Student: 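I have a structure I would like to understand better, so I am pasting it below and will then ask my questions one at a time.
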Amino acid sequence: MSARSSLTVVLAAGEGTRMRSSMPKVLHPVAGESLLAHVLAAAPKGPGSALAVVVGPDRVDVAREAARARPDVLCFVQRERLGTAHAVLAAREAIARGPDDLLIAFGDTPLISAETFARLRAPLRKGATLAVLGFRAADPTGYGRLLVEGGRLVAIREQAEASAAERAVDLCNAGVMAFDGARALEIIEKIGNANSKHEYYLTDAVGIVRDLGGEAVVIETSEDEVRGINTKAQLAEAEQVMQARLRKAALDSGVTLIAPDTVYLAADTIFGKDVVIEPFVVIGTGVSIADGAVIHSFSHIVQASIGKNASIGPYARLRPGTSLGEGVRIGNFVETKAAELGAGVKVNHLSYIGDAHIGAGSNIGAGTITCNYDGFAKHRTEIGEGAFVGTNSSLVAPVKIGNRAYVGSGSVITRDVPDDAMALERSEQTIREGGAARYREVKTRAKKPKNG
Ligand code: UD1
Ligand code: CA
């Protein structure tokens, strides 16, 4: 069987007014990724699979997110919002290239899976002109109803146009369709707007296919997979469904989740073997956790890589750019950001490690702070291997602490400490008046434009 080519057109030009947000609907996140990114990730990929997104006018942000999620995406603009069929035709140029299969999906159904796209395409191989994804809705209000006669899909009736009898039908249009690519344009161009909303309904394609003597079929899926998101409440429901999926996938792959319902995962979390996650942990995007690592309760982790057998928390906050080597121990009330910690480093209590590198085997005492910000710019702290930093020390960056160096408790380190040296530095007890005025003066000077 030769592989069929495809074009997937994702419609994302809607305004999403019911979200009551200044952010476009499709940019809202589920499990840390935008609704749009989820749909694009599920769309067919690889050789012979083209992808297009239809965005509203002036929606550079949506186009940018689409390109970030799938660099191969083509963006088209729908200038006026005249309905779903009109939106599809914004991508006419790509459709006219004649893919074997034309797939249409909506940007607001983030739970759709790659497997469902594949299932929907199967009838086209057997000669169907159109396959529509359907589901049994617990409450069908608002959805287009699929009208089936003798096993054949004969029409889709939108809520506004449906009779009382048709409204009782619970088989609904999920919004995902697969057309025979050779005939798609001819069919969609025939769609008119003679309905109560004067919109071009893509769903009218079914009646047109039937009139042309073609076959339209329904492929069913679960409601959970095709929940359309129009409100914040529906966004929260989708999050629940997605989290349940991610937790199950983590458990199935061998991760120990002691209380799965209390752990929040991101769609892209990568787990090694024998990872244990205690209750009440939040994991954002870009996190990888290697074999044998334990994440204790109430930890919050975003864009961080955690080495083998590391122990994190309880109550740890790992921020973007954190990279922890094998066996690292991060204890309670420790925050890290843009920090690489070598194998076996211990930061066990009450510390902030930011813009820092710590060599293998170093021990960072309770209350150690890397003072990375002087009020104007960020600076780096470099700590060598096997160093010891005593409790309650301030490392005023930029600063280097050498290999095996020893910093006494309560030090304020403002100069580099060489390898094997001992630093017992204390700040001078010079307290001058007018500090606030001096700070304001320096700050004002720093803010002045260079040429002004
Ligand atoms: C649509 C379907 C309905 C189906 C439901 C599933 C039509 C006419 N109706 O209704 O049968 O049960 O989805 O959730 O297709 N969009 C544009 N440009 C437009 C109009 C819409 O890009 O001019 C996009 C929206 O951004 C959205 C999608 O198309 O991603 C669907 O539009 P929406 O208004 O949400 O359609 P529904 O009324 O939900
Ligand atoms: Ca919708």
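Computed from a predicted structure; not experimentally measured. Counting convention: from 1, in listed order, for ligands and their atoms alike. Starting from 1, each residue takes its place in the sequence as its number.
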Student: Would Arg317 and Tyr352 count as a cation-pi pair here, with the cationic atom under 6.0 angstrom from the ring centre and within 45° of the axis?
Tutor: no

Student: Tell me, which pairs form a ring-ring contact (aromatic ring centres under 6.0 Å, His included) where one or both residues lie in residues 92-137, sequence neighbours left out?
Tutor: Phe135-Tyr143

Student: According to salt bridge (charged side-chain N to carboxylate O under 4.0 Å, His left out), who are the partners of Asp61, at least two apart in sequence or on a separate chain?
Tutor: Arg59

Student: Within the distance-only criterion (no hydrogens, no angle test), does the side chain of Glu65 pair as donor or acceptor with the backbone N or O of Val62 below 3.5 angstrom?
Tutor: no

Student: Kindly tell me which protein residues have any non-hydrogen atom under 4.0 angstrom away from an atom of ligand 1, grouped by chain and ordered by number?
Tutor: Leu11, Ala12, Ala13, Gly14, Gln78, Arg81, Leu82, Gly83, Thr84, Ala87, Phe106, Gly107, Asp108, Tyr143, Gly144, Glu158, Asn173, Ala174, Tyr201, Thr203

Student: Sort and list the pairs that fulfil side chain to side chain donor-acceptor pair (under 3.5 Å) and have at least one residue in residues 176-188, not counting sequence neighbours.
Tutor: none

Student: So does Glu33 pair up with Arg68, basic N to acidic O under 4.0 Å?
Tutor: yes

